[in-house]
Amino acid sequence: MANHNIIIEGIDKDGNLKLSDKGKHKVKPGDTVTWEIKKGSGIASIISIVEKSISKSNVFEPDPAPTVIKGTVNKDLFKGIKKPKPIQESYSIIFTTIENPGNPLCFDPTIQVNS
């Protein structure tokens, strides 16, 4: 089980987050994902990480805690499936900026879980 760090590097001109993984990350069941804010990125805080459940699977188990901003990929995600196919899941990063901390914003990257 690996730990994957996703660094929030800044905000582009369209208001989207610049992430170290370009908004697409590949993990395996049991892996941990940690979101970190890079100093000088313009991001004040991450309020929460919310799954959007496109795949109807609960990728993070439990859901990432807003105080830690770390999530563990559900180790039983492919349990009982003989030939599992990768699951691609969209999730939302709810965050605030240093420039406007009272106005939460949202960015929707994806994560892919391989068996």
Side-chain angles (χ1 to χ4, degrees):
M1 292 178 240
N3 184 41
H4 302 265
N5 290 325
I6 298 175
I7 309 300
I8 299 173
E9 299 173 337
I11 306 170
D12 69 17
K13 61 182 171 138
D14 296 323
N16 296 316
L17 290 180
K18 293 186 216 173
L19 303 177
S20 59
D21 68 350
K22 309 296 184 229
K24 297 180 185 277
H25 206 82
K26 294 180 181 179
V27 296
K28 291 187 176 189
D31 287 358
T32 301
V33 180
T34 304
W35 292 266
E36 298 177 34
I37 299 171
K38 182 178 179 179
K39 289 185 181 187
S41 66
I43 305 300
S45 67
I46 300 170
I47 297 170
S48 64
I49 305 289
V50 181
E51 277 189 78
K52 299 194 73 157
S53 298
I54 320 175
S55 65
K56 297 183 174 88
S57 298
N58 191 14
V59 170
F60 293 109
E61 186 62 41
D63 289 335
T67 55
V68 178
I69 310 303
K70 180 187 282 191
T72 300
V73 178
N74 185 347
K75 66 180 168 105
D76 296 326
L77 194 60
F78 297 113
K79 189 173 186 175
I81 301 173
K82 291 184 182 187
K83 292 186 178 180
K85 294 180 180 176
I87 295 174
Q88 186 148 333
E89 184 75 78
S90 181
Y91 64 96
S92 297
I93 299 174
I94 314 299
F95 66 98
T96 60
T97 63
I98 291 171
E99 191 174 283
N100 195 356
N103 183 29
L105 301 171
C106 180
F107 180 68
D108 301 323
T110 61
I111 194 160
Q112 180 176 310
V113 183
N114 298 323
S115 60

Show the numbers, then the answer: is there a side-chain contact (heavy atoms from CB on, under 4.5 Å) between Ile8 and Phe95? CA-CA 10 Å; Ile8 299 173; Phe95 66 98; over 6 Å; no
Heavy-atom closest pair (Cys106 atom, Ile94 atom, distance to 0.1 Å) is SG-CD1, 3.7 Å
When rounded to the nearest 0.5 Å, the distance separating NZ of Lys22 from CD of Glu9 is 6.0 Å
ask   = Counting N and O atoms only, with roles assigned by atom type, does the side chain of Asp14 sit under 3.5 Å from a partner on the main chain of Asn16, one being a donor and the other an acceptor?
value = no
Taking the side chain as every heavy atom from C-beta outward, state whether Asn103 and Thr96 have any atom pair closer than 4.5 Å.
no
Distance col, row Glu89:CD vs Leu77:CG, nearest 0.5 angstrom, shows 9.0 Å
One should read off an interatomic distance between Ser41 OG and Lys18 NZ, to the nearest 0.5 angstrom, of 10.0 Å
Looking only at heavy atoms, the pair that brings Pro29 and Phe78 closest together is CG-CD1, 3.5 Å
**Prompt:** Do Val33 and Tyr91 come close enough that some side-chain heavy atom pair is under 4.5 Å?
**Reply:** no
Between Asp31 (side chain only) and Val73 (backbone N and O only), is there a donor and an acceptor less than 3.5 Å apart? no
Taken to the nearest 0.5 Å, the spacing of Lys70 NZ from Asn5 CG works out to 8.5 Å
With a 4.5 Å cut-off on side-chain heavy-atom distances among I, L, V, M, F, W and Y, is there a chain of contacts connecting Leu105 to Ile69? yes
Ile43 and Ile98: CA distance, side-chain angles, deciding distance, side-chain contact (heavy atoms from CB on, under 4.5 Å) verdict:
CA-CA 6 Å; Ile43 305 300; Ile98 291 171; over 6 Å; no
In short, Gln112 meets Pro86 closest at the heavy-atom pair NE2-CB, 3.6 Å
d(Thr110 OG1, Lys24 NZ) to nearest 0.5 Å is 4.5 Å
- After noting the C-alpha distance and the side-chain angles of Leu19 and Phe107, does the key distance pass the side-chain contact (heavy atoms from CB on, under 4.5 Å) rule? CA-CA 10 Å; Leu19 303 177; Phe107 180 68; 3.8 Å; yes
Same apolar cluster: Ile37 and Ile7, side chain cutoff 4.5 Å: no
Correct closest heavy-atom pair for Ser90 and Asp108 would be OG-CB, 4.1 Å
Worksheet item: Would you say Pro109 and Ile93 make side-chain contact, with heavy atoms under 4.5 Å?
Response: yes
Thr32 and Asn3 have their tightest heavy-atom pair at O-OD1, 3.2 Å
